[in-house]
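Structure first, commentary second.
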Amino acid sequence: MGILLLVFVYLISGQAGMMVSAQKVMAGKKKPVVVVDVGHGGNDPGKIGVDGSLEKDINLSIARKLKAYLEASDVEVVMTRQKDEGLYRSTDRNKKVADMRARCALIDKAKPDLVISIHQNSYHQENVSGAQVFYYKTSEKGKKLAQILQKRFDFVLGEKNRRLEKPNGSYYLLLHVKQPIVIVECGFLSNWSEAAALNQEDYQNRVAWTIHMGVMEYLNTQKTAGSGKQGNAGE
């Protein structure tokens, strides 16, 4: 019911054309696979907001909503975690490294068309805000996906979201995942206004919907351009 209601809202708010176009990507094709990587979890809270909220919880909430929207568009979704847990064993000495390696192994096994890693940001200056998408510095498909998603965030944040997609060559997942992958920093938990919004169900739905629409647009452009495996070594 929640998904249908939000679809109706977007239909009457001028988003109908883009939504219909995105949904047509599935016609005559097997389901694409998208991995939704849910950042942090377990003993790793991620960023801690100015209001005490934990990044790991917000990541999971947005990821669950994103999963529902993608599945409603006939996309197969694999999540790296579906509850508050880390991808490590209790005996692992370096749980963070073990967690990252497990995420990479899970993604490699799923052989997805693309990977979305959900995160929240933080900065020492409270006034900093906005969403930003990171991609591996030499990945052309990753860059394309990041550009689409970054532009889509204008629908959520409007003119105040002046951030641009950003290349990166050091983040573990970007370095080690072979498929097109982006890290989506949905907002700043160090900003009081944005932290409050990111904890609201309605805003989380809007963020998830925005990412969903960007994913569908990307899949549609890839179908038009033709398929081809994407690596992070400059393809």
Side-chain angles (χ1 to χ4, degrees), residues 2-3 5-6 9-10 13-15 36-70 79-86 96 99-100 103 116-135 145-168 170-174 181-215:
I3 292 175
L5 178 60
L6 197 55
V9 170
Y10 272 80
S13 65
Q15 301 298 322
V36 177
D37 174 54
V38 189
H40 307 284
N43 68 358
D44 176 12
K47 303 293 191 300
I48 299 177
V50 289
D51 56 359
S53 58
L54 304 181
E55 178 188 355
K56 65 175 183 177
D57 298 333
I58 297 172
N59 292 346
L60 183 57
S61 185
I62 292 174
R64 284 170 172 166
K65 293 172 174 60
L66 174 59
K67 179 177 184 286
Y69 289 136
L70 289 172
M79 291 177 66
T80 54
R81 67 179 178 94
Q82 300 198 50
K83 57 184 180 179
D84 182 15
E85 63 181 0
K96 185 64 177 179
D99 180 87
M100 288 291 103
R103 289 172 192 266
I116 304 289
S117 186
I118 303 294
H119 285 265
Q120 311 306 317
N121 220 330
S122 184
Y123 196 63
H124 64 273
Q125 294 179 354
E126 186 184 310
N127 65 312
V128 176
S129 64
Q132 190 163 32
V133 185
F134 294 83
Y135 64 95
L145 176 58
Q147 289 174 332
I148 290 172
L149 288 169
Q150 191 68 58
K151 186 175 181 180
R152 286 277 173 181
F153 268 104
D154 290 345
F155 296 125
V156 178
L157 300 172
E159 293 181 358
K160 68 180 181 180
N161 190 51
R162 298 176 181 176
R163 297 188 172 280
L164 299 174
E165 67 282 352
K166 189 173 182 179
N168 180 279
S170 61
Y171 291 163
Y172 191 94
L173 287 181
L174 298 183
I181 177 173
V182 292
I183 294 175
V184 181
E185 299 277 3
C186 304
F188 281 78
L189 292 178
S190 49
N191 179 285
W192 278 100
S193 178
E194 206 154 73
L198 286 164
N199 277 281
Q200 294 172 5
E201 196 83 6
D202 177 65
Y203 191 80
Q204 290 177 359
N205 268 313
R206 289 168 62 193
V207 169
W209 176 268
T210 295
I211 298 171
H212 154 255
M213 290 301 292
V215 168

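For the numbers below, each heavy atom of this structure counts, side chains included, while hydrogens, waters and symmetry mates do not.
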message: Measuring from atom CD1 of I48 to atom OG of S122, what distance do you get when rounded to the nearest 0.5 angstrom?
response: 9.5 Å
Side-chain (S61) to main-chain (D57) donor-acceptor, under 3.5 angstrom: no
query: If you measure from CG on N121 to CG on N191, what distance do you get to the nearest 0.5 Å?
result: 11.0 Å
message: For the backbone of G42 and the side chain of K56, can you confirm whether one donor and one acceptor N or O come within less than 3.5 Å of each other?
response: yes
- prompt: Are side-chain heavy atoms of D44 and D99 found at a separation under 4.5 Å?
  reply: no
- prompt: So do I58 and L189 actually touch side chain to side chain, heavy atoms under 4.5 Å?
  reply: yes
field: Interatomic spacing from CZ in R152 to NE2 in H212 - rounded to 0.5 Å
entry: 9.5 Å
message: Contact between V38 and I118 at the side-chain level, heavy atoms closer than 4.5 Å - yes or no?
response: no
field: R81 side-chain N/O to R103 backbone N/O, donor-acceptor pair under 3.5 Å
entry: no
Side chain E165, main chain F134, donor-acceptor under 3.5 Å: no
Short side-chain donor-acceptor distance under 3.5 Å, N205 and Y69: yes
task: Taking Q150 for its side chain and R163 for its backbone only, find out whether a donor-acceptor pair lies under 3.5 Å.
output: yes
query: So do E194 and E126 actually touch side chain to side chain, heavy atoms under 4.5 Å?
result: no
task: May I ask you to decide if L198's main-chain N or O and Q204's side chain share a donor-acceptor pair within less than 3.5 Å?
output: yes
- prompt: Given side chains that start at C-beta, do those of I116 and L145 come closer than 4.5 Å, heavy atoms only?
  reply: yes
- request: Using atom types as modelled and distance alone, determine if a side-chain donor or acceptor of E185 lies under 3.5 Å from a backbone N or O of G130.
  value: no
pair V133-I183: side-chain heavy atoms closer than 4.5 Å: no
query: Got more than 12 heavy atoms from elsewhere within 6.0 Å of NZ, K166?
result: no
task: Determine whether I211 and K65 make a side-chain contact, defined as any pair of heavy atoms from C-beta on separated by less than 4.5 Å.
output: no
statement: Heavy-atom closest pair (K47 atom, Q120 atom, distance to 0.1 Å) is CG-O, 3.7 Å
query: Rounded to the nearest 0.5 Å, how far does CG of L60 lie from NZ of K83?
result: 11.0 Å
